[in-house]
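This report refers to the structure that appears directly beneath it.
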Amino acid sequence: MESYDVAIVGAGLAGLQCARLLATQGVKVVLIDRKATLDQKIHTTGIFVRRTLVDFDFPDDCLGPPVKHVTLYSPARRALEIVSAHDEFRLGRMGQLYQHYLSQCVAAGVHWMPETSYLGYSEIDGKLTISLSTGSSVHSITTRYLIAADGARSRVARDLKLDLNREWIVGAECVFTGAVIEGPPRLLCFLDPKLAPGYIAWIAHDGEETHLGVGGYPERFNPAAALSKFQAGVADIVDLQQAKQIERRGGYIPVGGVLRNIANTHGLLIGDAAGAVSPLTAGGLDACMRLSAFAAKVVVEYLSSGNPQILRSYSGELFRSKFASRLWARRVASTLCQRQLLELTCAVMRLPLLNRVVRHVFFGRGSFPDVLNVASETSR
Ligand SMILES: Cc1cc2nc3c(=O)[nH]c(=O)nc-3n(C[C@H](O)[C@H](O)[C@H](O)COP(=O)(O)OP(=O)(O)OC[C@H]3O[C@@H](n4cnc5c(N)ncnc54)[C@H](O)[C@@H]3O)c2cc1C
(Lines give C-alpha, C1' and ligand atoms only; values in the text may rest on other atoms or scores of the structure.)
Protein backbone atom coordinates (compact mmCIF):
# COMPACT_ATOMS: atom_id res chain seq x y z
CA MET A 1 0.00 0.00 0.00
CA GLU A 2 1.43 3.39 -1.00
CA SER A 3 2.29 5.61 1.98
CA TYR A 4 2.34 9.44 2.18
CA ASP A 5 3.00 12.18 4.71
CA VAL A 6 -0.11 14.11 3.67
CA ALA A 7 -3.20 13.20 1.65
CA ILE A 8 -5.21 16.15 0.32
CA VAL A 9 -8.75 15.49 -0.87
CA GLY A 10 -9.88 18.10 -3.43
CA ALA A 11 -7.90 19.85 -6.13
CA GLY A 12 -9.71 23.19 -6.21
CA LEU A 13 -7.69 26.34 -5.51
CA ALA A 14 -7.33 25.49 -1.80
CA GLY A 15 -6.04 21.94 -2.33
CA LEU A 16 -3.70 22.92 -5.16
CA GLN A 17 -2.16 25.81 -3.23
CA CYS A 18 -1.62 23.64 -0.14
CA ALA A 19 -0.23 20.64 -2.09
CA ARG A 20 2.20 22.85 -3.98
CA LEU A 21 3.52 24.55 -0.83
CA LEU A 22 3.89 21.28 1.11
CA ALA A 23 5.68 19.46 -1.72
CA THR A 24 8.15 22.30 -2.26
CA GLN A 25 9.15 21.82 1.40
CA GLY A 26 9.90 18.14 0.86
CA VAL A 27 6.62 16.68 2.19
CA LYS A 28 5.41 13.55 0.40
CA VAL A 29 1.93 14.54 -0.79
CA VAL A 30 -0.90 12.81 -2.64
CA LEU A 31 -3.59 15.01 -4.20
CA ILE A 32 -6.91 13.28 -4.85
CA ASP A 33 -9.87 14.55 -6.88
CA ARG A 34 -12.91 12.85 -8.33
CA LYS A 35 -12.65 14.96 -11.50
CA ALA A 36 -10.77 13.56 -14.50
CA THR A 37 -9.46 17.02 -15.45
CA LEU A 38 -9.52 20.24 -13.49
CA ASP A 39 -11.20 22.35 -16.17
CA GLN A 40 -14.50 20.50 -15.56
CA LYS A 41 -17.32 21.44 -13.17
CA ILE A 42 -15.68 24.61 -11.89
CA HIS A 43 -17.25 26.06 -8.73
CA THR A 44 -16.38 29.72 -9.15
CA THR A 45 -16.83 32.80 -11.32
CA GLY A 46 -13.15 33.40 -10.69
CA ILE A 47 -13.17 37.09 -9.74
CA PHE A 48 -9.85 37.81 -8.03
CA VAL A 49 -9.68 41.00 -5.99
CA ARG A 50 -6.77 43.45 -6.04
CA ARG A 51 -5.37 42.33 -2.69
CA THR A 52 -5.02 38.74 -3.88
CA LEU A 53 -3.53 39.81 -7.20
CA VAL A 54 -0.95 41.98 -5.41
CA ASP A 55 0.00 39.40 -2.76
CA PHE A 56 0.17 36.29 -4.95
CA ASP A 57 1.95 35.75 -8.19
CA PHE A 58 -0.57 34.52 -10.78
CA PRO A 59 0.58 33.85 -14.35
CA ASP A 60 -0.76 36.64 -16.56
CA ASP A 61 -2.15 34.26 -19.19
CA CYS A 62 -4.47 32.78 -16.52
CA LEU A 63 -6.17 36.15 -15.91
CA GLY A 64 -8.45 38.31 -18.06
CA PRO A 65 -8.13 42.08 -18.56
CA PRO A 66 -8.50 44.29 -15.45
CA VAL A 67 -11.87 45.67 -14.33
CA LYS A 68 -12.30 48.93 -12.40
CA HIS A 69 -15.99 49.83 -13.07
CA VAL A 70 -18.89 48.51 -10.99
CA THR A 71 -22.61 49.17 -11.52
CA LEU A 72 -25.06 48.25 -8.77
CA TYR A 73 -28.71 48.02 -9.86
CA SER A 74 -31.72 48.35 -7.57
CA PRO A 75 -34.73 46.03 -8.17
CA ALA A 76 -36.28 48.85 -10.29
CA ARG A 77 -32.99 49.01 -12.23
CA ARG A 78 -31.80 52.34 -10.87
CA ALA A 79 -28.05 52.27 -11.38
CA LEU A 80 -25.33 53.31 -8.97
CA GLU A 81 -21.98 53.59 -10.78
CA ILE A 82 -18.67 53.42 -8.97
CA VAL A 83 -15.22 53.56 -10.51
CA SER A 84 -11.92 52.81 -8.84
CA ALA A 85 -8.63 54.55 -9.50
CA HIS A 86 -7.07 51.05 -9.50
CA ASP A 87 -7.49 47.83 -11.42
CA GLU A 88 -9.75 46.16 -8.84
CA PHE A 89 -10.67 42.77 -10.30
CA ARG A 90 -9.53 40.22 -12.82
CA LEU A 91 -11.48 37.21 -13.96
CA GLY A 92 -9.36 34.09 -13.60
CA ARG A 93 -9.24 31.65 -16.49
CA MET A 94 -9.82 29.01 -13.84
CA GLY A 95 -9.37 25.83 -15.88
CA GLN A 96 -6.01 27.14 -17.09
CA LEU A 97 -5.01 28.34 -13.61
CA TYR A 98 -5.84 24.99 -11.99
CA GLN A 99 -3.86 23.16 -14.68
CA HIS A 100 -0.94 25.53 -14.16
CA TYR A 101 -0.91 24.89 -10.40
CA LEU A 102 -1.29 21.17 -10.96
CA SER A 103 1.81 21.13 -13.20
CA GLN A 104 3.71 22.95 -10.46
CA CYS A 105 2.47 20.39 -7.91
CA VAL A 106 3.56 17.46 -10.06
CA ALA A 107 6.94 19.08 -10.76
CA ALA A 108 7.43 19.47 -6.99
CA GLY A 109 6.74 15.74 -6.49
CA VAL A 110 3.00 15.63 -5.66
CA HIS A 111 1.40 12.33 -6.62
CA TRP A 112 -1.76 13.26 -8.56
CA MET A 113 -4.75 10.90 -8.41
CA PRO A 114 -7.52 12.10 -10.77
CA GLU A 115 -10.89 10.39 -11.16
CA THR A 116 -10.53 9.12 -7.60
CA SER A 117 -13.15 9.61 -4.91
CA TYR A 118 -12.49 9.71 -1.19
CA LEU A 119 -14.70 7.17 0.59
CA GLY A 120 -13.55 7.30 4.22
CA TYR A 121 -10.66 6.59 6.57
CA SER A 122 -9.68 4.51 9.58
CA GLU A 123 -6.78 4.86 12.03
CA ILE A 124 -4.43 2.03 12.99
CA ASP A 125 -1.32 2.67 15.12
CA GLY A 126 -1.28 6.38 14.39
CA LYS A 127 -1.43 5.89 10.61
CA LEU A 128 -4.54 6.73 8.62
CA THR A 129 -5.74 4.30 5.97
CA ILE A 130 -7.72 6.16 3.33
CA SER A 131 -10.26 4.27 1.28
CA LEU A 132 -10.57 5.46 -2.32
CA SER A 133 -12.48 4.49 -5.44
CA THR A 134 -11.21 4.86 -8.99
CA GLY A 135 -13.75 3.71 -11.57
CA SER A 136 -15.12 0.44 -10.21
CA SER A 137 -12.04 -0.43 -8.13
CA VAL A 138 -11.77 0.34 -4.40
CA HIS A 139 -8.24 0.69 -3.01
CA SER A 140 -6.37 2.20 -0.07
CA ILE A 141 -3.38 4.37 0.74
CA THR A 142 -1.89 5.30 4.11
CA THR A 143 -0.99 8.77 5.30
CA ARG A 144 0.21 10.52 8.44
CA TYR A 145 -2.16 13.46 7.95
CA LEU A 146 -5.36 14.19 6.02
CA ILE A 147 -6.37 17.57 4.57
CA ALA A 148 -9.98 18.35 3.64
CA ALA A 149 -10.06 20.56 0.54
CA ASP A 150 -13.22 18.91 -0.74
CA GLY A 151 -15.39 22.00 -0.80
CA ALA A 152 -18.40 23.48 0.95
CA ARG A 153 -20.11 20.18 1.86
CA SER A 154 -16.98 18.39 2.99
CA ARG A 155 -17.25 14.68 3.64
CA VAL A 156 -13.69 14.63 4.98
CA ALA A 157 -14.56 17.30 7.60
CA ARG A 158 -17.46 15.15 8.77
CA ASP A 159 -15.22 12.05 9.05
CA LEU A 160 -12.57 14.05 10.92
CA LYS A 161 -15.33 15.14 13.36
CA LEU A 162 -14.43 18.79 12.80
CA ASP A 163 -16.93 21.64 12.31
CA LEU A 164 -19.28 21.62 9.32
CA ASN A 165 -20.74 24.48 7.28
CA ARG A 166 -24.42 25.06 8.07
CA GLU A 167 -25.40 28.22 6.17
CA TRP A 168 -25.28 28.42 2.40
CA ILE A 169 -26.14 30.36 -0.64
CA VAL A 170 -26.22 28.62 -4.01
CA GLY A 171 -24.79 30.15 -7.17
CA ALA A 172 -25.32 29.25 -10.84
CA GLU A 173 -23.85 30.91 -13.91
CA CYS A 174 -23.25 30.68 -17.66
CA VAL A 175 -19.96 31.73 -19.22
CA PHE A 176 -19.91 33.30 -22.69
CA THR A 177 -17.38 34.55 -25.17
CA GLY A 178 -18.36 37.13 -27.79
CA ALA A 179 -20.96 38.91 -25.63
CA VAL A 180 -21.22 42.66 -26.15
CA ILE A 181 -21.70 45.23 -23.37
CA GLU A 182 -21.27 48.94 -24.01
CA GLY A 183 -18.39 50.69 -22.30
CA PRO A 184 -15.31 49.42 -20.50
CA PRO A 185 -15.04 46.02 -18.77
CA ARG A 186 -17.26 46.00 -15.70
CA LEU A 187 -18.92 44.11 -12.91
CA LEU A 188 -22.70 44.60 -12.88
CA CYS A 189 -24.55 43.56 -9.72
CA PHE A 190 -28.34 43.32 -9.50
CA LEU A 191 -30.26 43.35 -6.24
CA ASP A 192 -33.48 41.44 -6.81
CA PRO A 193 -35.24 39.45 -4.06
CA LYS A 194 -36.82 37.00 -6.54
CA LEU A 195 -33.89 36.29 -8.86
CA ALA A 196 -31.27 36.39 -6.11
CA PRO A 197 -32.83 36.17 -2.62
CA GLY A 198 -30.31 37.27 0.01
CA TYR A 199 -27.49 37.82 -2.49
CA ILE A 200 -27.10 39.26 -6.03
CA ALA A 201 -27.39 38.43 -9.68
CA TRP A 202 -24.27 39.42 -11.61
CA ILE A 203 -22.68 40.05 -14.96
CA ALA A 204 -18.88 39.97 -14.86
CA HIS A 205 -17.57 41.21 -18.19
CA ASP A 206 -13.88 41.73 -18.92
CA GLY A 207 -14.20 42.26 -22.67
CA GLU A 208 -13.22 38.67 -23.45
CA GLU A 209 -15.37 36.53 -21.16
CA THR A 210 -18.80 37.35 -19.78
CA HIS A 211 -20.28 35.51 -16.79
CA LEU A 212 -24.02 35.80 -16.08
CA GLY A 213 -25.04 34.39 -12.72
CA VAL A 214 -27.50 34.34 -9.85
CA GLY A 215 -27.02 33.46 -6.20
CA GLY A 216 -29.28 33.18 -3.20
CA TYR A 217 -30.61 31.09 -0.34
CA PRO A 218 -31.48 27.67 -1.81
CA GLU A 219 -34.81 27.33 0.00
CA ARG A 220 -36.04 30.62 -1.47
CA PHE A 221 -35.48 30.15 -5.22
CA ASN A 222 -34.76 27.81 -8.12
CA PRO A 223 -31.28 28.80 -9.42
CA ALA A 224 -31.70 27.33 -12.94
CA ALA A 225 -35.08 29.02 -13.49
CA ALA A 226 -33.81 32.31 -12.00
CA LEU A 227 -30.74 32.21 -14.26
CA SER A 228 -32.88 31.80 -17.42
CA LYS A 229 -35.16 34.62 -16.30
CA PHE A 230 -32.19 36.84 -15.47
CA GLN A 231 -30.57 36.18 -18.86
CA ALA A 232 -33.80 37.09 -20.68
CA GLY A 233 -34.24 40.20 -18.50
CA VAL A 234 -30.82 41.73 -19.23
CA ALA A 235 -31.02 41.54 -23.04
CA ASP A 236 -31.00 45.37 -23.10
CA ILE A 237 -27.65 45.42 -21.26
CA VAL A 238 -25.79 42.46 -22.71
CA ASP A 239 -26.05 41.44 -26.35
CA LEU A 240 -25.67 37.66 -26.58
CA GLN A 241 -26.69 37.33 -30.23
CA GLN A 242 -23.18 36.55 -31.49
CA ALA A 243 -22.08 35.02 -28.17
CA LYS A 244 -21.09 31.43 -27.55
CA GLN A 245 -21.82 29.74 -24.24
CA ILE A 246 -18.62 27.93 -23.25
CA GLU A 247 -19.43 26.69 -19.74
CA ARG A 248 -22.05 26.38 -17.04
CA ARG A 249 -20.88 26.61 -13.45
CA GLY A 250 -22.39 26.53 -10.01
CA GLY A 251 -22.21 25.31 -6.47
CA TYR A 252 -22.80 25.87 -2.79
CA ILE A 253 -21.15 28.83 -1.04
CA PRO A 254 -20.79 28.68 2.75
CA VAL A 255 -21.66 32.07 4.27
CA GLY A 256 -21.65 31.35 8.02
CA GLY A 257 -18.04 32.54 8.42
CA VAL A 258 -14.87 30.57 9.00
CA LEU A 259 -15.56 27.52 11.19
CA ARG A 260 -14.15 27.33 14.72
CA ASN A 261 -12.82 23.81 15.10
CA ILE A 262 -10.80 23.17 11.93
CA ALA A 263 -7.87 20.99 13.00
CA ASN A 264 -7.06 17.92 15.07
CA THR A 265 -4.30 15.32 15.14
CA HIS A 266 -5.78 13.42 12.18
CA GLY A 267 -6.34 16.31 9.81
CA LEU A 268 -7.43 19.85 9.08
CA LEU A 269 -9.75 21.85 6.83
CA ILE A 270 -8.93 24.45 4.17
CA GLY A 271 -10.88 26.54 1.62
CA ASP A 272 -14.67 26.14 1.53
CA ALA A 273 -14.42 23.05 3.76
CA ALA A 274 -13.23 25.44 6.51
CA GLY A 275 -16.00 27.96 5.70
CA ALA A 276 -13.25 30.36 4.63
CA VAL A 277 -15.50 32.63 2.55
CA SER A 278 -16.49 36.24 3.13
CA PRO A 279 -20.06 36.02 4.49
CA LEU A 280 -21.03 39.27 2.77
CA THR A 281 -19.49 39.10 -0.71
CA ALA A 282 -19.23 35.28 -0.89
CA GLY A 283 -15.65 35.67 -2.14
CA GLY A 284 -13.52 32.66 -1.23
CA LEU A 285 -10.54 32.69 -3.61
CA ASP A 286 -8.43 35.04 -1.50
CA ALA A 287 -9.17 32.84 1.54
CA CYS A 288 -8.10 29.72 -0.36
CA MET A 289 -4.69 31.23 -1.04
CA ARG A 290 -4.09 32.59 2.48
CA LEU A 291 -5.53 29.84 4.65
CA SER A 292 -3.85 27.10 2.58
CA ALA A 293 -0.48 28.84 2.96
CA PHE A 294 -0.99 28.96 6.72
CA ALA A 295 -2.15 25.32 6.79
CA ALA A 296 0.98 24.21 4.91
CA LYS A 297 3.18 26.01 7.44
CA VAL A 298 1.37 24.43 10.42
CA VAL A 299 1.41 20.93 8.90
CA VAL A 300 5.15 21.06 8.15
CA GLU A 301 5.83 22.11 11.76
CA TYR A 302 3.48 19.47 13.16
CA LEU A 303 4.88 16.61 11.07
CA SER A 304 8.49 17.49 11.83
CA SER A 305 7.95 17.93 15.60
CA GLY A 306 5.01 15.60 16.29
CA ASN A 307 3.85 18.22 18.81
CA PRO A 308 0.01 18.47 18.81
CA GLN A 309 0.18 21.92 20.51
CA ILE A 310 1.25 23.34 17.15
CA LEU A 311 -2.19 22.53 15.74
CA ARG A 312 -3.81 24.86 18.28
CA SER A 313 -2.62 27.82 16.21
CA TYR A 314 -4.77 26.54 13.34
CA SER A 315 -8.10 27.55 14.84
CA GLY A 316 -11.01 29.38 13.26
CA GLU A 317 -11.46 31.21 16.58
CA LEU A 318 -8.37 33.27 15.75
CA PHE A 319 -9.92 34.67 12.56
CA ARG A 320 -13.63 34.71 13.38
CA SER A 321 -13.51 38.08 15.15
CA LYS A 322 -12.21 39.62 11.89
CA PHE A 323 -15.47 38.45 10.28
CA ALA A 324 -17.81 40.07 12.83
CA SER A 325 -18.93 43.03 10.67
CA ARG A 326 -19.35 40.82 7.58
CA LEU A 327 -21.39 38.27 9.52
CA TRP A 328 -23.58 41.09 10.77
CA ALA A 329 -23.97 42.44 7.21
CA ARG A 330 -24.91 38.92 6.02
CA ARG A 331 -27.69 38.78 8.66
CA VAL A 332 -29.04 42.09 7.31
CA ALA A 333 -28.72 40.95 3.66
CA SER A 334 -30.59 37.73 4.40
CA THR A 335 -33.57 39.66 5.78
CA LEU A 336 -33.84 42.11 2.85
CA CYS A 337 -36.40 40.02 0.99
CA GLN A 338 -38.95 42.70 0.11
CA ARG A 339 -38.59 44.58 -3.15
CA GLN A 340 -39.59 47.97 -1.68
CA LEU A 341 -37.17 47.59 1.21
CA LEU A 342 -34.30 46.77 -1.18
CA GLU A 343 -35.26 49.73 -3.40
CA LEU A 344 -35.16 52.01 -0.37
CA THR A 345 -31.80 50.56 0.72
CA CYS A 346 -30.40 51.27 -2.76
CA ALA A 347 -31.72 54.85 -2.65
CA VAL A 348 -29.99 55.37 0.70
CA MET A 349 -26.77 53.87 -0.68
CA ARG A 350 -26.68 56.62 -3.29
CA LEU A 351 -26.25 59.19 -0.48
CA PRO A 352 -22.59 60.31 -0.27
CA LEU A 353 -21.91 58.83 3.17
CA LEU A 354 -23.31 55.39 2.36
CA ASN A 355 -21.85 55.53 -1.11
CA ARG A 356 -18.52 55.28 0.69
CA VAL A 357 -19.72 52.04 2.32
CA VAL A 358 -20.56 50.65 -1.13
CA ARG A 359 -17.08 51.57 -2.35
CA HIS A 360 -15.63 49.88 0.70
CA VAL A 361 -17.57 46.65 0.03
CA PHE A 362 -16.44 46.51 -3.60
CA PHE A 363 -13.00 48.10 -3.45
CA GLY A 364 -11.97 47.63 0.21
CA ARG A 365 -8.89 45.57 0.87
CA GLY A 366 -10.32 43.48 3.68
CA SER A 367 -11.18 40.17 2.06
CA PHE A 368 -9.80 37.33 4.21
CA PRO A 369 -7.64 38.18 7.25
CA ASP A 370 -3.93 37.83 6.71
CA VAL A 371 -3.87 34.60 8.68
CA LEU A 372 -0.10 34.25 8.93
CA ASN A 373 0.04 37.67 10.67
CA VAL A 374 -3.05 37.04 12.82
CA ALA A 375 -1.58 33.77 14.08
CA SER A 376 1.82 35.27 14.87
CA GLU A 377 0.19 38.28 16.65
CA THR A 378 -1.82 35.96 18.90
CA SER A 379 1.13 33.69 19.67
CA ARG A 380 3.20 36.66 20.93
C1 LIG B 1 -21.05 30.05 -8.49
C2 LIG B 1 -19.92 30.52 -7.60
C3 LIG B 1 -19.24 31.69 -7.93
C4 LIG B 1 -18.20 32.12 -7.11
N5 LIG B 1 -17.50 33.23 -7.50
C6 LIG B 1 -16.46 33.66 -6.75
C7 LIG B 1 -15.65 34.75 -7.20
O8 LIG B 1 -15.87 35.27 -8.29
N9 LIG B 1 -14.61 35.16 -6.43
C10 LIG B 1 -14.34 34.55 -5.22
O11 LIG B 1 -13.39 34.97 -4.54
N12 LIG B 1 -15.06 33.49 -4.79
C13 LIG B 1 -16.10 33.03 -5.54
N14 LIG B 1 -16.82 31.93 -5.13
C15 LIG B 1 -16.34 31.21 -3.95
C16 LIG B 1 -15.05 30.47 -4.33
O17 LIG B 1 -15.14 30.04 -5.63
C18 LIG B 1 -14.79 29.27 -3.45
O19 LIG B 1 -14.67 29.77 -2.13
C20 LIG B 1 -13.51 28.53 -3.84
O21 LIG B 1 -13.50 28.21 -5.20
C22 LIG B 1 -13.41 27.25 -3.00
O23 LIG B 1 -12.31 26.48 -3.42
P24 LIG B 1 -12.03 25.08 -2.73
O25 LIG B 1 -10.75 24.62 -3.31
O26 LIG B 1 -12.18 25.16 -1.27
O27 LIG B 1 -13.25 24.17 -3.21
P28 LIG B 1 -13.71 23.62 -4.71
O29 LIG B 1 -13.20 24.56 -5.73
O30 LIG B 1 -15.14 23.40 -4.53
O31 LIG B 1 -12.89 22.27 -4.82
C32 LIG B 1 -13.27 21.11 -4.14
C33 LIG B 1 -12.73 19.92 -4.93
O34 LIG B 1 -12.95 18.74 -4.16
C35 LIG B 1 -13.32 17.69 -5.03
N36 LIG B 1 -14.05 16.70 -4.23
C37 LIG B 1 -15.16 16.90 -3.48
N38 LIG B 1 -15.51 15.76 -2.86
C39 LIG B 1 -14.60 14.83 -3.21
C40 LIG B 1 -14.42 13.44 -2.90
N41 LIG B 1 -15.27 12.80 -2.05
N42 LIG B 1 -13.39 12.78 -3.44
C43 LIG B 1 -12.53 13.40 -4.28
N44 LIG B 1 -12.65 14.72 -4.62
C45 LIG B 1 -13.66 15.42 -4.09
C46 LIG B 1 -14.17 18.39 -6.09
O47 LIG B 1 -14.20 17.64 -7.29
C48 LIG B 1 -13.46 19.73 -6.26
O49 LIG B 1 -12.49 19.69 -7.30
C50 LIG B 1 -17.85 31.44 -5.94
C51 LIG B 1 -18.53 30.25 -5.61
C52 LIG B 1 -19.55 29.79 -6.45
C53 LIG B 1 -20.25 28.51 -6.10
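Position 1 is the first residue of the sequence; numbering continues from there. Both ligands and their constituent atoms are indexed starting at 1 by order of listing.
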Can we call the ring centroids of F48 and F89 under 6.0 Å apart?
-> no

State which residues pass side chain to side chain donor-acceptor pair (under 3.5 Å) with E115; sequence neighbours excluded, sorted by chain then number.
-> none

Could you tell me which non-hydrogen atom of Y118 sits nearest to which non-hydrogen atom of L132, and how far apart they are?
-> CA-CD2, 3.8 Å

Passing option when R93 is tested against D39, D61, D206 for salt bridge (charged side-chain N to carboxylate O under 4.0 Å, His left out) | D206

What orientation do Y4 and H111 show, parallel under 30°, tilted 30 to 60°, or perpendicular over 60°?
-> tilted

Contacts table for ligand 1: protein N or O within a distance under 3.5 Å of ligand N or O, distances only.
unit_1   : atom_1 : unit_2 : atom_2 : d
ligand 1 : 5 (N)  : T44    : OG1    : 3.4
ligand 1 : 5 (N)  : T45    : N      : 3.1
ligand 1 : 5 (N)  : T45    : OG1    : 3.4
ligand 1 : 8 (O)  : G46    : N      : 3.3
ligand 1 : 8 (O)  : I47    : N      : 2.8
ligand 1 : 9 (N)  : I47    : O      : 3.0
ligand 1 : 11 (O) : G284   : N      : 3.0
ligand 1 : 11 (O) : L285   : N      : 3.0
ligand 1 : 12 (N) : G284   : N      : 2.9
ligand 1 : 17 (O) : T44    : OG1    : 2.8
ligand 1 : 19 (O) : D272   : OD1    : 2.5
ligand 1 : 25 (O) : L13    : N      : 3.2
ligand 1 : 25 (O) : A14    : N      : 3.1
ligand 1 : 26 (O) : D272   : N      : 2.9
ligand 1 : 30 (O) : H43    : ND1    : 2.6
ligand 1 : 38 (N) : R34    : NH1    : 3.4
ligand 1 : 42 (N) : Y118   : N      : 2.9
ligand 1 : 44 (N) : R34    : N      : 3.2
ligand 1 : 47 (O) : D33    : OD1    : 2.8
ligand 1 : 49 (O) : D33    : OD1    : 3.4
ligand 1 : 49 (O) : D33    : OD2    : 2.6

H266/Y121 aromatic ring centres below 6.0 Å = yes

